[in-house]
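Reading through the structure tokens given below for one structure.
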Amino acid sequence: MRVNLAITAPKCDCKARYPRAMRQGSPRFVGETWPVMSDEPAQAVVKEIPPKAADLSAWYTAVCLKAELVSYSPVRGCVVLRPYGFALWEKLQQHLDARFKQTGHENAYFPLFIPANLLQREAEHVEGFAPEVAWVTRGGGEELTEPLAIRPTSEAIIGVMYAKWIQSYRDLPILINQWANVVRWEKATRPFLRTMEFLWQEGHTAHASAEEARKETLTILDLYRDFAENVAGVPVYAGPKSAGERFPGAVETFAIEALMPDGKALQSGTSHDLGQNFAKAYDIKFVDSDSAIKFVHTTSWGVSWRMLGGLIMVHGDDRGLRLPPKMAPLEAVLIPIVRTNDDRAVAACQATAERLAAAGFRVRLDARDEQPGWKYSEWDVRGVPVRIEIGPRDVESGTAVLVRRDRQKGDPEQRRSVALRDVESNLRELLDDVAASLYRDAKRFLDEHTIATSDRAEFFELCRNRAGMVDIAWCNRPECEAHVKAATTATSRVLRPLEGSAVCTACGEPAQVRAYFAQSY
RNA sequence: CGGGGCGUAGCUCAGCUUGGUUAGAGCGUCGCGUUUGGGACGCGAAGGCCGGACGUUCGAAUCGUCUCGCCCCGACCA
């Protein structure tokens, strides 16, 4: 089998090199820090990527651009998802889609345009989305008699269709998902985290009973949690949202919330129990087994490419992306070390790449005519979990050097030499270890930045300082949350049951739940 | 939508205060050669409606007004 493993498009806009003066005296071999700038702790490791700890926002934007995930476009607030970024999105799609199928869902596709009157049927829904809906008012050179909304979400159009499709309890449940783009008119945008047009999936289901709808909502919530933790390596808190954080039109909203390095929470997936609100608005009725005409119970749930933004921030370091292996478009990149009159390493890499591909690994050979060190840096920026180096010494000894992206230079565990005959098992083991290690680090960060307090002043201070997930006993009253938000800009992220009795840390009223409070993206 | 910053070569920027010949640098790109285990080096070459519009002026990258876009910090959201 001859697979196309070599890269063919070496174009990249991140090749800037350090000025010569800065390079002089730099070590030529691994195991030492490069560049030598020990008296300048804030110095970027990779040119054009500022240190992550110094300015998360600047670091984030630079990484998204330099890793060639996205590129800004001439369209305000909209990014181009470049091939590497799209490949990352595809990995998310593959994993989630497989889970949706396993739980009985089917994919379908609904129109991008939503007539004004449809969108307006559910009062809370339209009110909630009004500020961010884009409208088409002209088409074919003529003013439209009825403006068309560009979907901010698809409850409306799907509700109308469900009303047509559903007659009997035998038609239920309907379990449909769509992969789509949606538009929300945003004022400030950032790659993945908030763009005017974004990619997501939205699931829409209809059920005969409230219990079944609630079960579906929770099934998806757990599916999202499982994906975030076990595939993306991002630990999350999952649970119900407060009334103030609820989806417009929902009876109850559940979410998974991740914690970013700057102490702000990122809502990474939502699952809504819509009750009969949309069924009533869109007249989705069925005849039940007892011959009574009833409204269905619906749910909706979504994960967007925002999840990718969270993964980037949680795992990335000063050298760029660090992708969890299951999400990485490439699990390993092979870099031959060629010498003058000795390009045996290229053939060895090609053969190894083919073997690995045959074994099911996503690998690529980088045989471009560039310095090896230059290639290391470039693939570091892109976060490929493992690099495989084969040089003349390896050709002689039948070995390869496996270098893991999650470890820093100088770490003795960063690189290991393995026999080529065992490369598959070694790579498998290494990838698993990288995945576990990335998750472990992220989990430790979340744990260390989840702070329980019952002291009112401390609570407000922690919220203001973006200390992380601030865990309190809470009254679950909208007025209380509004007050906390006004004072600290933090809101409740997700709730969980309260054990025993307590007073609300924020206001002193009787507590009903425990809540994680944090500022959020 | 408020507050702040920035748009000059593919990238990072200098030049602008005090308008004046062909607008510069480093890196990248292209060609040739030497190199290649953490961002190589030499020689040669190409590359710019100075974000856009209007204005002031004999003359605008430079001054003024407007506009578009990007970044950062807030308010709203996934």
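What you see is a predicted model; the values in this text were computed from it and never measured. The analysis underlying the following values was restricted to heavy atoms, covering all of them including side chains, and did not include hydrogens, waters or symmetry mates. First the proteins, then the strands, lettered A, B, ... as listed; each starts at 1.
Using a 4.0 Å heavy-atom cutoff across all strands shown, A:Arg339 reaches at least one base atom of the nucleic acid. Nucleic acid contact class of A:Val182 (heavy atoms, under 4.0 Å, all strands): none. Using a 4.0 Å heavy-atom cutoff across all strands shown, A:Thr195 reaches at least one base atom of the nucleic acid. Among the heavy atoms of the strands, none lies under 4.0 Å from A:Thr153. When heavy atoms are screened at a 4.0 angstrom cut-off, A:Gly77 is found touching the sugar-phosphate backbone but no base atom. Contacts of A:Ser304 with the nucleic acid, taken as non-hydrogen atoms under 4.0 Å apart, include base atoms. Within the 4.0 angstrom heavy-atom criterion, base atoms lie near A:Phe198. Using a 4.0 Å heavy-atom distance criterion, A:Ile335 is classed as making no nucleic acid contact. Residue contacts for A:Asp55: at a heavy-atom cut-off of 4.0 Å it reaches no nucleic acid atom on any strand shown.
For A:Glu461 and A:Arg464, the salt-bridge test passes: some basic side-chain N is under 4.0 Å from an acidic carboxylate O. Taking 4.0 Å as the cut-off between side-chain N and carboxylate O, A:Asp406 and A:Arg322 do not count as a salt-bridged pair. Ion pairing between a basic and an acidic side chain is recognised when a charged N comes within 4.0 Å of a carboxylate O; A:Lys485 and A:Glu245 show no such pairing. Comment: A:Glu396 engages A:Arg344 in a salt bridge, judged by a side-chain N to carboxylate O separation of less than 4.0 angstrom.
For A:Trp374, whose side chain is taken as the heavy atoms from C-beta onward, the closest listed nucleotide among B:rG39, B:rU36, B:rC77 is B:rG39. Side-chain atoms of A:Val401 lie closest to B:rG37 of the nucleotides B:rG74, B:rG37, B:rC70. Set against B:rC71, B:rU36, B:rG69, the side chain of A:Asp369 has B:rU36 as its closest nucleotide. In this structure, the nucleotide among B:rC1, B:rC76, B:rC71 sitting nearest to the side chain of A:Glu186 is B:rC76. Listed nucleotides: B:rU36, B:rG69, B:rC72. Nearest to the side chain of A:Ser57: B:rC72. The side chain of A:Pro372 lies closest to B:rG37, out of B:rG37, B:rA75, B:rC70. For A:Glu378, the side-chain atoms get nearest to B:rG39 when compared with the rest of B:rA75, B:rG39, B:rG37. Closest contact between the side chain of A:Thr61 and the listed nucleotides B:rC72, B:rA75, B:rC77 involves B:rC72. Comparing atom distances between the A:Lys66 side chain and each of B:rC70, B:rU29, B:rC11 picks out B:rC11 as nearest.
One can place NE2 of A:His125 at 14 Å from C1' of B:rC77, the figure rounded to the nearest angstrom. Distance CG (A:Asp262) to C1' (B:rG74): 14 Å, rounded to an integer number of Å. Rounded to an integer number of Å, the gap from CD1 of A:Ile388 to C1' of B:rG37 is 15 Å. If you measure from atom CZ of A:Arg368 to atom P of B:rU36, you get 19 Å, rounded to the nearest angstrom. For the pair A:Tyr376 OH and B:rA40 P, the interatomic distance rounds to 11 Å; values are reported in whole Å. Put simply, CG on A:Leu65 is 9 Å from P on B:rU12, counting in whole angstrom units. Between the CZ atom of A:Arg416 and the P atom of B:rG37 there is a distance of 23 Å, rounded to whole Å.
Between A:Lys485 and the phosphate of B:rC76, there is a side-chain N or O to OP1/OP2 separation shorter than 4.0 Å. Between A:Thr340 and B:rU35 there is a side-chain polar atom (N or O) within less than 4.0 angstrom of OP1 or OP2. Taking side-chain N and O atoms only, A:Thr489 has no distance below 4.0 Å to OP1 or OP2 of B:rG74.
Aromatic ring centres of A:Phe100 and A:Trp301 lie closer together than 6.0 Å. Ring pair A:Phe129/A:Phe247: centre-to-centre distance below 6.0 Å.
With both ends at atom P, the span from B:rC66 to B:rU62 equals 16 Å, rounded to whole Å. A distance of about 11 Å separates the P atoms of B:rC13 and B:rC6, rounded to the whole Å. Spacing between B:rC11 and B:rG4 at atom P, rounded to whole Å, works out to 28 Å. Taking the C1' atoms as reference points, B:rA14 lies 15 Å from B:rG48, given to the whole Å. As rounded to the nearest Å, B:rG7 and B:rU34 have P atoms that lie 43 Å from one another. Comparing the same atom, C1', in B:rA25 and in B:rU35 gives a spacing of 27 Å after rounding to whole Å. Rounded to whole Å, the P atom of B:rA46 lies 16 Å from the corresponding atom of B:rC30. A distance of about 15 Å separates the C1' atoms of B:rC50 and B:rC63, rounded to the whole Å.
Nucleotide B:rA46: unpaired (no Watson-Crick or G-U wobble partner with both distances less than 3.5 Å). Remark: B:rG2 base-pairs with B:rC73. Criterion, Watson-Crick or G-U wobble with two distances under 3.5 Å. Pairing for B:rG7 is with B:rC68, a Watson-Crick or G-U wobble pair whose two hydrogen-bonding atom distances lie under 3.5 Å. Nucleotide B:rC41 forms a pair with B:rG33, judged by Watson-Crick or G-U wobble geometry with both contacts under 3.5 Å. Across all strands shown, nothing is found opposite B:rA60 as a Watson-Crick or G-U wobble partner with both distances under 3.5 Å.
Here CH2 of A:Trp89 is found 9.0 Å from CG of A:Leu81. Values are rounded to the nearest 0.5 Å.
Using bins of under 30°, 30° to 60° and over 60° for the plane-to-plane angle, the ring pair A:His125/A:Phe278 lands in the perpendicular bin.
You'll find a donor-acceptor pair under 3.5 Å spanning the side chain of A:Arg194 and the base of B:rC77, going by distance alone. Contact annotation: side chain of A:Gln371 to base of B:rG39, donor-acceptor pair absent below 3.5 Å.
Ranked by how close their nearest RNA chain B nucleotide is to the 5' end, A:Arg393 and A:Ser520 are led by A:Arg393. Along RNA chain B, the nucleotide closest to A:Pro336 and the one closest to A:Pro248 are compared, and the more 5′ of them pairs with A:Pro336.
Within 6.0 Å of atom CD in A:Glu127, 12 or fewer heavy atoms from other residues, nucleotides or ligands are found, so the atom counts as exposed in its surroundings.
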